[in-house]
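Taking it in order: structure first as structure tokens, then the write-up.
Side chains included, hydrogens not; waters and symmetry mates left out as well; all remaining heavy atoms used.
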Amino acid sequence: MRFLDLPFARAAHDRAAHRRATPGLLDDLLKEQGTRVLVVRGTRVATVGSRVAFLPPDDVAHLATRALLYLGEADGVSHLGLVLADAEAEPDLDVEWTGLRTLDAPDLEVGLVVEAVALAQWHTVHTHCPLCGTRTEVTQAGWVRHCPADESNHFPRTDPAVIMAITDADDRLLLARGPQWDLGRRSVLAGFVEPGEGLEQAVARETAEEVGVLLDPASIEYRGSQSWPFPASLMLGFRARATTTELTRQEDEIAEADWFTRDEVATAVADGHLGLPGRSSIARSLIEEWFGGPVGA
Ligand SMILES: [Zn+2]
């Protein structure tokens with residue numbers, strides 16, 4: 001595979017974006033018994049066993065709703081997302097609630113859930129017009145918020161963030177710990193792309209800021225991307241080679257940073273001294289690409 005095969009980037013459904021503007025689309029789909037509705041509660045979704053609960057419209061008609069979303073078509077069936085109005089309240093539904101990060105379901109289901117959670121997060125935060133402060137209305141089957149006062153339209157946002165596996169001349173990997181993380185937990189560096197900046201520039205800048213390491217610009221290589229809707233990131237993965245090894249931490253961002261050989265990672269994971277990011281994360285995929293296979297499997 002040319003790029004990383006990432007868990008949140010394997011969507012198998014058709015978003016059918018052209019249907020979103022169809023007048024009355026959501027009302028019509030709610031009348032069809034074949035329509036399947038996925039219920040979103042914060043960053044969790046309704047599940048039964050280890051599978052996503054795709055419910056018929058009649059089963060969700062009683063729920064207080066923040067937004068209804070047209071997600072697309074799969075296997076000839078229309079799929080909607082229902083964002084609960086209050087993620088704290090316990091809804092009257094006979095299901096379990098599973099966080100997206102720990103959802104272990106088929107790719108088709110995960111793809112629909114990633115889309116639904118990302119849109120849900122946007123609707124939860126972007127409730128008012130940024131121009132005049134009026135409460136906006138959900139239109140275009142959940143894909144636009146419209147301001148009735150000044151007629152402006154507002155679209156779902158995705159914030160680009162770079163994440164990078166940095167190696168030194170001896171092919172050791174840089175792993176760091178954020179100040180709020182448990183002792184032993186480590187990951188690769190990451191940071192938001194700033195306005196006016198290119199991706200490779202962000203990779204070099206974040207690395208220099210966080211640990212004082214300089215990169216060979218010609219070595220910065222794109223490896224793949226996936227949505228990370230906590231709350232609105234698009235993670236863009238890179239690998240790059242450092243030209244310096246001395247580590248100077250930015251103390252409010254980085255509590256610990258060290259270079260690791262593969263043997264050191266394998267040993268530290270095996271004896272429990274090193275905790276790596278979860279398997280759904282792009283960080284884990286970048287680390288395992290460097291490692292040469294699954295770590296701690
Ligand atoms: Zn407005």
Side-chain angles (χ1 to χ4, degrees), residues 1-11 15 17 100-101 110-111 114-115 117-119 121-122 125-126 143 154-169 171-178 181 186-250 252-254 257 259-260 276-292:
M1 171 141 326
R2 187 163 160 240
F3 294 118
L4 295 172
D5 174 29
L6 297 162
F8 288 176
R10 297 176 191 148
R15 291 186 175 220
L100 172 55
R101 279 181 244 225
V110 173
V114 173
E115 180 183 344
V117 169
L119 268 179
Q121 296 282 87
W122 175 66
V125 175
H126 294 83
W143 287 87
H154 305 278
F155 299 88
R157 57 180 290 176
T158 295
D159 301 332
V162 290
I163 181 163
M164 45 275 183
I166 308 297
T167 51
D168 71 0
D171 209 24
R172 295 182 299 172
L173 180 69
L174 181 64
L175 291 174
R177 180 171 71 84
W181 300 1
R186 296 285 186 114
S187 187
V188 294
L189 300 182
F192 286 107
V193 180
E194 295 189 342
E197 189 175 50
L199 300 177
E200 296 83 356
Q201 291 172 305
V203 168
R205 176 186 52 75
E206 283 285 342
T207 306
E209 282 178 6
E210 293 194 340
V211 294
V213 164
L214 302 180
L215 303 179
D216 172 5
S219 74
I220 299 174
E221 188 183 355
Y222 174 73
R223 297 305 304 132
S225 69
Q226 72 173 2
S227 172
W228 195 248
F230 310 107
S233 295
L234 171 66
M235 303 302 297
L236 297 135
F238 289 82
R239 61 185 174 198
R241 183 56 56 98
T243 57
T244 64
T245 54
E246 187 178 329
L247 299 168
T248 308
R249 288 180 295 109
Q250 185 180 25
D252 54 345
E253 298 264 343
I254 304 292
W259 299 98
F260 286 78
L276 295 178
R279 296 201 177 274
S280 61
S281 68
I282 189 169
R284 183 63 169 248
S285 290
L286 286 166
I287 292 167
E288 294 191 337
E289 181 180 48
W290 164 81
F291 189 78

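Counting heavy-atom neighbours within 6.0 Å of Arg10 CZ, excluding the residue itself, gives a total above 12. In Phe192, the CZ atom is not crowded: 12 or fewer heavy atoms of neighbouring residues, nucleotides or ligands sit closer than 6.0 Å.
Between the side chain of Thr158 and the backbone N or O of Leu234, no donor-acceptor pair lies under 3.5 Å. Using a distance-only test at 3.5 Å, with no hydrogens or angles considered, no donor-acceptor pair links the side chain of Glu253 to the main chain of Gln250. In this structure, Arg101 contributes its side chain and Arg279 its backbone to no donor-acceptor pair below 3.5 Å. Formation of a donor-acceptor pair under 3.5 Å by the Arg284 side chain with backbone atoms of Gly278 is not found in this model. Without hydrogens or angle criteria, Gln226 side chain to Ser280 main chain gives a donor-acceptor distance under 3.5 Å. Judged by distance alone, the side chain of Trp290 and the main-chain N or O of Ala165 form no donor-acceptor pair under 3.5 Å.
Taken to the nearest 0.5 Å, the CE atom of Met164 stands 5.5 Å off from the CD atom of Glu206. Rounding to the nearest 0.5 angstrom, the gap separating the CZ atom in Phe8 from the CD atom in Glu115 is 14.0 Å.
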Check against side chain to side chain contact (heavy atoms under 4.5 Å, CB included), Leu247 and Leu174
CA-CA 10 Å; Leu247 299 168; Leu174 181 64; 3.6 Å; yes
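Just one of Val203, Ile163, Leu175, Ile254 meets the side chain to side chain contact (heavy atoms under 4.5 Å, CB included) condition when paired with Leu189; it is Ile254.
Under the side-chain contact (heavy atoms from CB on, under 4.5 Å) criterion, Ala240 pairs with Ile166, Leu215, Ser219, Ile220, not counting sequence neighbours.
When side chains are defined from C-beta on, Ile282 does not count as touching Trp228, because their heavy atoms never get closer than 4.5 Å. Counting heavy atoms from C-beta outward, Leu100 and Pro229 have side chains that approach closer than 4.5 Å. Side-chain atoms of His126 and His154, non-hydrogen and from C-beta on, never get closer than 4.5 Å to each other. Residues Leu276 and Phe291 form no side-chain contact, since every pair of their non-hydrogen atoms from C-beta on lies 4.5 Å or further apart.
Classified by interplanar angle (parallel below 30°, tilted 30° to 60°, perpendicular above 60°), the ring pair Tyr222/Phe238 is perpendicular.
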